Structures are given as structure tokens and as C-alpha cells.
Amino acid sequence: MNIFRILGDVSHLLAMIILLVKMWTSKSCAGISGKSQILFTLVFTTRYLDLFTTFISLYNTVMKVIFLLCAYVTVYMIYVKFQKTFDREHDSFRLEFLLVPVTGLSFLENHSFTPLEILWTFSIYLESVAILPQLFMISKTGEAETITTHYLFFLGLYRALYLANWIWRYHTENFYDQIAVVSGVVQTIFYCDFFYLYVTKGTLAETGIESNYEGIT
């Protein structure tokens with residue numbers, strides 16, 4: 001395992017912890033897309049089914065369990081514990097626009113036509129677009145809380161580090177997974193507009209992203 005993958009995993013975990021801490025301390029899930037969190041939970045659930053069949057390493061197992069727990073706790077906090085603060089009006093992205101094509105593509109383009117492999121492929125494709133409801137929500141409201149922008153930043157950083165991880169593995173191990181790499185590139189592209197605003201506006205100010213965040217829609 002190389003440093004890029006470890007840093008990527010840490011960035012991913014930090015993003016999830018930032019979101020959970022934000023909700024717990026503020027007693028609110030305002031500005032957070034519940035639909036994106038449902039998609040990420042579905043990503044982890046379908047990807048980590050190998051917990052029941054394959055042991056890779058203690059690190060791998062622990063990280064998978066932590067990601068699953070964080071994902072389900074996040075969904076619980078949004079739809080149960082702090083449901084009164086959930087902005088259903090603006091979290092209106094149609095999930096079927098993502099789930100239907102992703103499901104179809106998973107059956108058409110995969111490494112092997114077996115249940116676990118198709119579900120793993122589904123998780124890879126779905127993760128590449130799972131953030132779209134959150135970005136769509138920001139584009140509708142015209143703003144985002146600073147803590148939400150930090151969450152998105154670390155998610156984007158995680159994807160960028162994983163791209164570096166794949167480049168490193170290709171040069172050192174001659175390993176190349178076309179499905180994972182192409183999906184990762186697509187996902188990283190979705191963060192580019194956000195990254196530009198994050199860098200040029202510092203932390204995007206306490207008031208959030210203004211109405212110039214329109215390029216996502």
C-alpha cells in the first residue's frame with residue numbers, strides 16, 4: 001500500500017467525520033443532501049460485501065467497517081434524529097436519473113458476470129456520480145455552509161489522491177483497472193468547479209457559496 005492511498009483514505013474519513021461532527025454540534029442537517037448520503041451508503045454497502053467472503057488485511061477490514069458505520073449513522077441523523085432541519089424542498093435531485101443508467105452499465109461493463117463483481121462495479125459507477133445531488137442542492141440554494149464546503153473539499157481531495165495512487169500503482173506494479181480509473185476521473189471532474197471556487201475564495205467565506213456556483217447544474 002502506498003502513501004497516496006493512505007492519504008486518500010484519511011481524506012475520505014475526514015470528510016465523513018466533518019459532516020457527522022457538524023450535524024451533532026449544530027443539531028441540524030441543514031445544507032446537507034440526504035439523497036447524496038443515501039447514494040454513498042449504497043456505494044459502501046454494495047462494495048464491501050466482500051467483508052463476508054475475503055480477508056485482505058486488518059487495515060482494509062477496519063476502514064471498511066468504519067466507512068459503513070459512518071455512512072449509516074449519517075443517514076440516520078438526517079432522516080431520523082434531525083429530520084425537522086432537513087431541507088427536502090431543495091434536496092430534489094431525481095435519483096432514478098443516476099440509479100437506472102448506473103445499474104444498466106454495471107451489467108454491461110464489468111470484470112466478470114458474477115453477483116459480487118456486478119455489485120462492486122455498480123458501487124464504482126455510482127460513487128462517481130453520488131455527489132451530484134449535493135452539488136445540485138448547492139446550485140439551487142446558491143450557498144453552502146463553510147463546514148459543508150470543507151466536507152466537499154476533502155471528498156475531492158480523496159479522489160485526487162486516489163488518481164495519484166492509480167498512477168503510482170501503474171508505474172510500480174503495472175496495475176491498471178480501467179473501470180475504477182475512468183470512474184474516478186469522472187468523479188474528480190465534478191469537483192473541479194468547486195475546487196476552483198474553494199481556492200479562489202479561500203474557504204468560500206462564512207456565508208457560503210454565492211449564486212455564482214451555477215456551473216454544476
Side-chain angles (χ1 to χ4, degrees), residues 8-9 12 15-16 19 29 32-54 56 60-61 63-80 86-140 151-152 155-156 158-160 162-163 165-166 175-194 215-217:
D9 289 342
H12 197 179
M16 301 179 77
L19 206 60
C29 60
I32 300 173
S33 169
K35 291 187 175 181
S36 268
Q37 297 309 312
I38 286 176
L39 293 181
F40 281 124
T41 302
L42 187 56
V43 165
F44 296 135
T45 301
T46 54
R47 182 176 302 174
Y48 297 155
L49 289 173
D50 63 349
L51 280 170
F52 301 102
T53 61
T54 307
I56 298 174
N60 184 275
T61 299
M63 291 300 284
K64 287 178 178 179
V65 171
I66 291 175
F67 284 141
L68 281 167
L69 288 174
C70 286
Y72 277 96
V73 170
T74 299
V75 170
Y76 167 79
M77 292 176 74
I78 293 173
Y79 287 98
V80 179
F86 176 45
D87 188 359
R88 296 179 184 275
E89 179 182 353
H90 291 112
D91 193 18
S92 57
F93 195 96
R94 299 279 295 277
L95 293 187
E96 60 268 28
F97 291 163
L98 300 178
L99 290 172
V100 172
V102 163
T103 301
L105 188 59
S106 302
F107 279 92
L108 294 173
E109 189 66 34
N110 51 66
H111 294 308
S112 63
F113 204 76
T114 61
L116 282 180
E117 190 63 36
I118 290 173
L119 288 170
W120 178 87
T121 306
F122 170 84
S123 77
I124 296 296
Y125 292 148
L126 183 60
E127 186 182 15
S128 69
V129 295
I131 199 61
L132 288 183
Q134 179 68 66
L135 299 180
F136 180 73
M137 187 177 183
I138 292 176
S139 72
K140 288 190 68 177
Y151 162 73
L152 290 172
L155 272 187
Y158 142 66
R159 294 314 312 177
Y162 255 65
L163 287 180
N165 162 62
W166 291 322
F175 174 84
Y176 176 73
D177 187 324
Q178 181 174 333
I179 291 176
V181 171
V182 173
S183 298
V185 170
V186 170
Q187 185 177 1
T188 305
I189 289 173
F190 286 134
Y191 288 96
C192 287
D193 188 27
F194 170 81
I216 289 300
T217 56

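Here the structure is a predicted model, which is why all the values come from computation and not from measurement.
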T46 and side chain to side chain contact (heavy atoms under 4.5 Å, CB included): which single residue from I118, L116, L119 fits? L119
Indicate the atoms forming the closest heavy-atom contact of V75 with Q37, along with that distance. CG2-O, 3.7 Å
With side chains defined as the heavy atoms from C-beta onward, is the minimum distance between K35 and M137 less than 4.5 Å? no
Which pair of non-hydrogen atoms, one from S183 and one from Y125, has the smallest distance, and what is that distance? OG-CD2, 3.3 Å
Smallest separation among heavy atoms of V129 and P133, with atom names: O-CD, 4.0 Å
Find out whether F40 and L126 are in side-chain contact, i.e. whether some heavy atom of one side chain is under 4.5 Å from a heavy atom of the other. no
Spacing of I78 atom CD1 and L19 atom CG [to the nearest 0.5 Å]: 6.5 Å
Count the heavy atoms belonging to other residues, nucleotides or ligands that lie under 6.0 Å from CD of Q178, then report whether that count exceeds 12. no
Under 4.5 Å between any side-chain heavy atoms of E109 and T121, yes or no? no
Just checking Y79: does its OH atom have more than 12 heavy atoms from other residues, nucleotides or ligands closer to it than 6.0 angstrom? yes
To the nearest 0.5 Å, atom OG of S33 lies from atom CG of L132 at 10.0 Å
With rounding to the nearest 0.5 Å, note down the distance linking CD1 in I131 to CZ in F136. 14.0 Å
Residue pair L68 / L51, side-chain heavy-atom distance below 4.5 Å: yes
Evaluate the side-chain proximity of L155 to Q187: yes if any heavy-atom separation is below 4.5 Å, no if none is. no
Please report the closest heavy-atom contact between I138 and L152, naming both atoms and the distance. CD1-CD1, 3.5 Å
Could you tell me whether the side chains of T45 and Y72 share a donor-acceptor contact shorter than 3.5 Å? yes
Test side-chain contact (heavy atoms from CB on, under 4.5 Å) applied to E117 and F113, step by step: CA-CA 7 Å; E117 190 63 36; F113 204 76; over 6 Å; no
My understanding is that only one of Y151, Y158, Y162 makes a ring pair (Phe, Tyr, Trp, His ring centres under 6.0 Å) with H12; could you say which? Y158
Nearest heavy-atom contact between A71 and T41 is O-OG1, 3.3 Å
Can you find a heavy atom in the side chain of I56 that is under 4.5 Å from one in the side chain of K64? yes
Tightest non-hydrogen contact, residues C70 and M16, listed as CB-CE, 3.4 Å
